[in-house]
**Q** 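Let me begin by handing over the structure; questions about it come next.
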Amino acid sequence: MSAITPNASPLRKLRSATGARRIFLHTLLIGVAVVMLYPLLWMLSSSIKPDTEIFTHPGLIPNKLNPQNYADGWSGSGNSFSLYITNSLIVTIGAVIGNVISCSLAAYAFARFEFRGKKIWFGLMLGTLMLPTQAVLIPQYTIFYNLTWINTYLPLIVPKFLAVDAFFIFLMVQFIRSIPRELDHAAMMDGANPWQIYWKIILPLMKPALVTTTIFTFIWTYDDFLHQLVYLQQNDKFTVPLGLTLFMDQTSGSSYGPMFAMSTLALLPTLICFLIFQKRLVEGLATSGMKG
Amino acid sequence: MTTAKTDEVAKGTPAPATPSDQRERDRMRRRLARRRGGGWWPYVFLAPWFVGLFGLTIYPMLDSLYLSFTDFDLLTPAQWVGTKNYERMFTADPVFWDTVHATLLYVAVSVPLKLALALGVAMLLNRDLKGIGLYRAAFYLPSLLGGAVAVAIVWRQVFGGDGLFNDFLGWFGIEGQDWISSPDTAIYTLILLAVWQFGTPMVIFLAGLKQLPRDVYEAAEIDGAGPVTRFFRITLPLLTPIVFFNVVLQIIDAFKTFTPAFVVSNGTGGPLNSTMLYSLYLYKKGFADLQMGYASAMAWVLFLVIAGFTAVNFIASRYWVHYDD
C-alpha cells in the first residue's frame with residue numbers, strides 16, 4: 001500500500017479503484033455469473049435441441065432447432081400440460097388471497113393493539129417460524145383425510161386463510177409499525193372503528209408489504225413440491241411440479257427434449273416474477289431478512 | 001409516547017378552550033386508550049390466526065406426539081405400542097442411520113460452504129461498479145428457483161454420466177463418471193446444488209455490509225491495516241449478528257431439504273441410501289409405507305434436533321456474536 005498523504009481521502013481512494021482493478025472485478029463477477037447461470041442456460045438450450053444432440057453436442061448453441069420438444073412435452077405426460085398449469089394457478093391464486101387477507105389481519109392486531117398475553121402470542125407466532133413442516137405433516141394429513149379433502153386443493157389453500165405462514169405476519173407487523181399512528185387517531189376522531197381503520201387506512205398504505213407477500217407466496221406455493229405430492233393423488237389434479245415428475249419416470253426412452261422443454265416452461269412464471277420485481281424482491285428480502 | 005403525541009396535536013390546534021371542548025377532548029383520549037387496550041377488537045383480527053395456530057400447529061404437534069407412540073396406518077385406529085417406534089428407530093433400523101449420516105453430512109458441508117460463498121460474493125458486490133444490480137440479480141436467481149422440481153431435474157442431467165459436468169472435466173482431460181449413481185458422490189451433487197443457491201444469505205450479508213461504518217475502515221487504513229486485517233478485525237466482528245442469523249436459518253433449512261433428494265434420486269434416496277435425506281425417509285415411511293406412527297416419531301426427533309441445534313446456536317452466540325450495545 002502506498003503512503004497516504006493527508007489530503008487524499010481514503011474514502012476517495014476506495015471509490016476510485018484503478019482501471020485495472022475494475023476490469024479484474026468485472027472479469028471475476030462475470031465469471032461467477034456465467035457459472036451460476038450456465039445450468040439454466042444449458043436447460044434452455046437442451047429444450048430446443050433434438051434429443052440426439054443433447055448429450056453429444058454440449059455447446060449452448062444448437063446445430064438445429066427443434067421446437068417440436070415443446071409441442072411433445074405440452075401434450076406429453078399423461079395429461080396436457082395446460083391442465084397442470086391451470087391447477088397450479090388455482091392453488092397459487094388461492095394461497096395468495098388467503099395469505100394476504102389472513103396475515104394482514106393478524107399483523108394489524110399485533111402492531112396496533114395491546115391485549116392480554118400479547119407478548120406470549122407474538123412469541124408463539126415467531127416460534128412457528130422455526131417449526132419444520134415435517135413435524136406437523138402427518139397429523140395435518142389425518143385432519144384433511146378425515147375431512148375427505150385429500151385429492152382436492154383445499155389442504156393447499158385453506159391453511160393460508162388461517163395465517164399459518166408466520167413469516168408474512170412478521171413482515172407485515174414490521175411494516176405497519178412504520179405507519180404513523182396519528183393517521184389511525186385522526187380516523188378515530190372522525191368516528192372510524194378499528195375495522196374501518198384497517199380497511200381504509202392501513203391496508204392501502206401497506207401495499208409494498210402486500211406486494212412482497214404476493215410475490216413470495218406465489219413463488220413458494222408454486223414450487224412447494226412436498227405438500228402437493230402428499231395431498232394430490234390423481235393425475236388430473238396434478239400441478240406443474242407433479243406433472244414434471246411424470247417425465248422423470250419415462251426418461252429411459254428419448255423424452256429428454258420434451259422434459260427440458262416443460263422444465264423451462266415450469267420455471268417461466270418464477271422468472272417473469274423475478275424480472276418484473278427484481279429490485280423489490282432483493283431489497284424486500286434484505287430489509288426484512290428472513291427465510292431461505 | 002402515543003399520548004404525548006396526541007397532546008402535542010391537541011396543543012397545536014388553536015381552538016378556544018371552552019369547557020365543552022375540553023370534555024370532548026377528554027372523552028376522545030379515553031376512547032383512544034380503550035381502543036389501544038383493545039376490548040374484543042384484537043381477537044376479531046386474530047381469529048383466523050388463532051384457528052390456524054390451534055388447529056394446524058398446536059393440536060397437530062400434540063397429535064403427532066401421541067401418534068409417535070402408536071402403530072397407525074391411517075385406515076385403522078392407532079394402536080398404542082409405547083416406545084417401540086423410537087426403539088426401532090435407534091436400534092433396529094439401519095436405514096434410519098443411513099439417513100442420519102446423509103443428513104448430517106449434507107448439513108455440515110453445505111451450510112459452511114454456502115455461507116462462505118455468500119459472504120465472499122456479497123463483499124465483491126459491496127462497491128460502486130457499473131451493472132452491480134445485474135450481477136446481484138444473476139447470483140440471486142438460482143436461489144429464487146429454490147426447491148423447484150425443474151431445477152432438480154436439470155441437476156440430475158448435469159451430473160449424470162454423459163452430462164454437462166463431465167464435458168467440463170473433459171476439457172481438462174479428466175475422465176468423468178456418473179456422479180449421481182455413485183454412492184460416494186451422489187450426496188455431493190446435492191450439496192453442490194445447495195451451495196449454488198447461496199443467494200438468500202448473500203442478499204442478507206449485503207444488507208449488513210452496507211450498514212458498516214465507513215469511518216472505521218478509513219481509520220484502520222490510515223493505521224496501515226491491510227485488506228486481510230480489515231476483514232478479520234473489522235468486517236467479520238461487526239457482521240457477527242448477521243452471520244449468526246444466516247447460520248441459524250440455513251441450518252434449519254438444510255435439515256428440511258426434500259425436493260432435490262426426491263427428484264435427483266427419483267424418489268429412492270439411492271444409490272445405497274446415500275441421498276436418503278431425513279425428510280425423504282420420513283415421507284417414504286409415512287406416505288409410501290403408511291407407517292404413520294413411525295413417521296410421527298421421526299418427525300418429533302427432527303423437531304427436537306432442529307430445536308436443539310437452534311438452542312445451541314443461541315447459547316454459543318453469546319461467545320462470538322457482538323452487538324453494538
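Model, not experiment: these values are computed from the prediction. When reading the values below, keep in mind they use all heavy atoms of this one structure, side chains included, and skip hydrogens, waters and symmetry mates. Chain identifiers are assigned alphabetically (A, B, ...) following the order of the sequence lines, protein sequences preceding nucleic acid strands; residue numbering begins at 1 within each chain.
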**Q** At what distance, to the nearest 0.5 angstrom, does NZ of B/Lys285 lie from CD1 of A/Ile138?
**A**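 Going from NZ on B/Lys285 over to CD1 on A/Ile138, the span is 11.5 Å.
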**Q** By a 4.5 Å heavy-atom criterion (distance strictly below it), what part of B/Trp300 contacts chain A: side chain, backbone, both, or neither?
**A**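 Contact with chain A: none, neither part.
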**Q** Quick check on A/Met125 against chain B: is it the side chain, the backbone, both or neither that has a heavy atom closer than 4.5 Å?
**A** both
**Q** Go through the steps to decide whether B/Leu74 and A/Thr142 satisfy the test side chain to side chain contact (heavy atoms under 4.5 Å, CB included), and finish with yes or no.
**A** CA-CA 7 Å; B/Leu74 191 67; A/Thr142 59; 3.7 Å; yes
**Q** Under 4.5 Å heavy-atom distance to chain B, tell me which part of A/Val164 shows up: side chain, backbone, both or neither.
**A**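 When you check distances to chain B, only side chain atoms of A/Val164 fall under 4.5 Å.
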**Q** Does the side chain to side chain contact (heavy atoms under 4.5 Å, CB included) test come out yes or no for B/Phe303 and A/Leu131, once each step is laid out?
**A** CA-CA 7 Å; B/Phe303 170 60; A/Leu131 186 75; 3.4 Å; yes
**Q** Roughly how far apart are B/Phe54 CZ and A/Leu124 CG, rounded to 0.5 Å?
**A** 7.5 Å
**Q** For the interface with chain B, which of A/Tyr141, A/Phe260, A/Phe110, A/Tyr222 has the highest count of heavy-atom pairs at distances below 4.5 Å?
**A**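 Option with the greatest count: A/Tyr141.
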**Q** Please state whether the side chain, the backbone, both or neither of A/Ile169 comes within less than 4.5 Å of a heavy atom of chain B.
**A**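 Just the side chain, heavy atoms under 4.5 Å.
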**Q** Just to verify, which of A/Leu137, A/Leu226, A/Leu229 counts as forming a side-chain contact (heavy atoms from CB on, under 4.5 Å) with B/Phe287?
**A**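 Output: one option passes, namely A/Leu137.
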**Q** Is there a side-chain contact between B/Leu125 and A/Leu29, using heavy atoms and a 4.5 Å cut-off?
**A**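 Yes - at least one pair of side-chain heavy atoms lies under 4.5 Å apart.
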**Q** With ring-ring contact (aromatic ring centres under 6.0 Å, His included) as the test, pick out the partner of B/Phe45 among A/Trp199, A/Tyr198, A/Phe115.
**A**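 Among A/Trp199, A/Tyr198, A/Phe115, the one that satisfies the ring-ring contact (aromatic ring centres under 6.0 Å, His included) with B/Phe45 is A/Tyr198.
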**Q** B/Tyr135 vs A/His26 aromatic rings, parallel, tilted or perpendicular, using cut-offs 30° and 60°?
**A**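 The rings of B/Tyr135 and A/His26 sit tilted, inter-plane angle from 30° to 60°.
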**Q** Let me confirm one number: the CG-OG1 distance from A/Asp223 to B/Thr259, rounded to the nearest 0.5 Å.
**A** 8.0 Å
**Q** Is B/Phe165 in contact with chain A via its backbone, its side chain, both, or neither, using a 4.5 Å heavy-atom distance?
**A**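 Looking at B/Phe165, nothing touches chain A.
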**Q** Checking side chain to side chain contact (heavy atoms under 4.5 Å, CB included) for the pair B/Gln157/A/Trp42: CA distance, chi angles, key distance, verdict?
**A** CA-CA 10 Å; B/Gln157 307 308 331; A/Trp42 185 75; 3.7 Å; yes
**Q** Relative to chain B, which of A/Tyr108, A/Phe161, A/Trp121, A/Trp195 shows the most heavy atom pairs under 4.5 Å?
**A** A/Trp121
**Q** When heavy-atom pairs shorter than 4.5 Å are enumerated against chain B, which of A/Pro132, A/Pro159, A/Cys273, A/Ala266 gives the highest number?
**A** A/Pro132
